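Here's the structure we're looking at; comments come further down.
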Number of protein chains: 2
Amino acid sequence: MSTALPPLTALRAFDAAARHMSFAKAADELNVTPAALSFQIKSLEEHLGAPLFRRLNRAVELTDAGRALAPDAQAGFETLTAGWRAAQRTQDHQSLIVTAGPAFTAKWLAPRLYDFAQAHPEIELRFSASLRIMDFNRDNIDVAIRFGTGPDEGLFAMELVDEFVVPVMVPEMAARYPTPEDLAQATLIIDNSIDFLSPPANWDAWFRAMKVNVTPSYGPAFSQADHAIDAALAGVGVALGRRALVIKDLSDGRLVAPYPYALPVSGRFRFLCPEGAETRPQIVAFRNWILEEVAKTSHVADAMTMLDPFAS
Amino acid sequence: MSTALPPLTALRAFDAAARHMSFAKAADELNVTPAALSFQIKSLEEHLGAPLFRRLNRAVELTDAGRALAPDAQAGFETLTAGWRAAQRTQDHQSLIVTAGPAFTAKWLAPRLYDFAQAHPEIELRFSASLRIMDFNRDNIDVAIRFGTGPDEGLFAMELVDEFVVPVMVPEMAARYPTPEDLAQATLIIDNSIDFLSPPANWDAWFRAMKVNVTPSYGPAFSQADHAIDAALAGVGVALGRRALVIKDLSDGRLVAPYPYALPVSGRFRFLCPEGAETRPQIVAFRNWILEEVAKTSHVADAMTMLDPFAS
DNA sequence: ATAGTCAGTTAAATATATCTTATCTGAGTG
DNA sequence: CACTCAGATAAGATATATTTAACTGACTAT
């Protein structure tokens, strides 16, 4: 039995027909006449020596052979399409598609976007905020910014600055809670988005590292870090904010960190792109811009004293 | 930027060229002249608007665009090939390719093969003994027999009989160890191949279920169940054998199980094939034959008393 | 040096595959 | 009973792919 592939055009016609379960719709998708599609399927069936579809009254259905072929045909063409798109993207120096989690998008990227647009008017930046880890080729992504530790196979990775968490609140509230012990009276906002970290970076860990013995009264809990920070900005209470997500608000004075003791966390925000793509001009520009922006606010972090995350 | 795929023949030419890193070898693989391949690559590069290869003195190397495309191109065509082979297999009623672990192949299939060949001379049976779990389409497999519990997505599965382990030895040895307590004096052969089971099905578990308090003296340990049984057949000692693997030897008298107390285990051997393939004639024949063979030796197991695997 | 070889390119002719238009079939539908 | 819908088919037109044969430019070995 010949292992060689049949004519690929015919295979593609089959894929479209199997996905739509209709020759007419498949022909439409491929911008050919139904007649052409009919020929292609017939040719494929001749190559195989057996029918792939059963022609019914007003419908078609797959034969056993068709059912064996269809899933791999679909997957194969999807992969080819993804690869072709990736190759096309290497030729595009105008646009840049970035994916990041909702928190980083809202609290780091969004407030600085105007700045990037000013510096690089030629680059059309698009965002795709999603927690789902995306596949660069399949999802048409150029750059991802993800919180984690790496390493990642086959990816170019650059770690942004050391990450930590520190209690943040609106300035008016800071006057009411001059010392960490006073936080026993405060509403502590909970951020569950980094529960997966080890060692943990929650309120309990911060108090322990501070060697402060309080029985905190917890307030609302959020599954996304940006919502917890928004709550703090609204004056709801005190949040334990990750550096990257609160440093802009601290720098601009919307939030303050009255106790300059920060708890290091094991993850960092990382800049990721497919290997080889790190030299594309718009990716270079974006990466340099991120580094510049990080540097702009580093003075805020310099004033912090790092706690021992393993203190007991 | 058009998202449509370029001519597929050109893509396939690129795939071959990228895999071989040589136009000449790629042309050879595709049974065309180097000239044809050169045209195909050129056409693909025109579609993309950029070169995919850098032509060097006596070699070619991929450009960034080529590097972005090559992996997905290769994966895509591999998937298409696997699917096509799967479709071709549905048309083949003569041959049957079975994969099973080494132990099942050696101790169950191999001794019965002559029987199947007699009953179905029209079916050409081939074996692929491997511990690696294989992909039906990718590896050209019709049927797999695996030890486990399921369920399996998208597969047709049939569980063979309940599985258990029982001490087995050569008949001469049985006279020396009339009671389970006597096993303290015997060499106990260890089979590590089912260490992953829960609850465990090792000597310790069997003695505990028997409520026999012995301090066993362990002999050689094997990572594959058939080797442990071979050791028992060679008179090395007493093995704890899985039903399916020892029942033929018990039935034929090469081994005996002097203590008819068997410990049930949580896994079973399972007959697996792609969904829809279970009606193909040679698969039906093979499946029925397995069921018949299982029935032939069931009297041996009927004489066993099942122990409580959770006894403490 | 200089001819030989190797890898890939190119032009022109040709073969093959693919697509279209137009007509046809056959089973439901109003 | 005419109508529509999904697909099949025939014949000619067009686009794609391939071959043969001649060419380039760099390394290789006398």
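Just so it is clear, the values below take in all heavy atoms, side chains as well, and ignore hydrogens, waters and symmetry mates. Order of the sequence lines fixes the chain letters, A, B, ..., with proteins taken first and strands second; residue numbering starts at 1 for each chain. None of these values were measured; they are calculated from a predicted model.
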[N] [atom2] sits how many Å from [X] [atom1], rounded?
X: Phe39(A); N: dA11(D); atom1: CZ; atom2: P; result: 10 Å
X: Leu52(B); N: dG8(C); atom1: CG; atom2: P; result: 15 Å
X: Glu61(A); N: dG7(D); atom1: CD; atom2: P; result: 13 Å
X: Ile41(B); N: dA7(C); atom1: CD1; atom2: P; result: 16 Å
X: Arg12(B); N: dA17(C); atom1: CZ; atom2: P; result: 12 Å
X: Leu30(B); N: dT19(D); atom1: CG; atom2: P; result: 10 Å
X: His47(A); N: dT18(C); atom1: NE2; atom2: C1'; result: 13 Å
X: Glu46(B); N: dT9(C); atom1: CD; atom2: C1'; result: 13 Å

May I ask you to evaluate whether [X] reaches the phosphate of [N], defined as a side-chain N or O under 4.0 Å from OP1 or OP2?
X: Arg55(A); N: dA6(D); value: no
X: Lys42(B); N: dT10(C); value: yes
X: Thr33(B); N: dT18(D); value: no
X: Ser38(A); N: dG7(D); value: no

Within the structure provided, determine whether [X] and [Y] are in side-chain contact (heavy-atom separation under 4.5 Å).
X: Met158(B); Y: Glu278(B); value: no
X: Arg270(B); Y: Arg146(B); value: no
X: Leu62(A); Y: Arg67(A); value: yes

Review point. Which of parallel (below 30°), tilted (30 to 60°) and perpendicular (above 60°) describes Phe53(B) and Phe14(B)?
Key: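 Rings of Phe53(B) and Phe14(B): tilted, as their planes differ by 30° to 60°.
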
Exercise for review: If the plane angle is over 60° it's perpendicular, under 30° parallel, otherwise tilted; pick one for Phe269(B) and Phe104(B).
Suggested key: tilted

Pairwise N/O distances under 3.5 Å, protein to nucleotides 14-17 of chain D:
from    : atom 1 : to      : atom 2 : distance (Å)
dA17(D) : OP1    : Thr9(B) : OG1    : 2.7

Exercise for review: Please step through side chain to side chain contact (heavy atoms under 4.5 Å, CB included) for the pair Leu69(A) and Leu11(A), ending with a clear verdict.
Suggested key: CA-CA 10 Å; Leu69(A) 176 56; Leu11(A) 248 193; 4.0 Å; yes

Practice item. For the pair Arg89(B) and Ser95(B), evaluate side-chain hydrogen bond (donor to acceptor under 3.5 Å, both in side chains) and give the outcome as yes or no after the intermediate values. Key: CA-CA 9 Å; Arg89(B) 266 207 312 285; Ser95(B) 71; over 6 Å; no

Check your understanding: What is the nucleic acid contact for Ala24(A), judged by heavy atoms within less than 4.0 Å: base, sugar-phosphate only, or nothing?
Key ->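 Sugar-phosphate contact only.
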
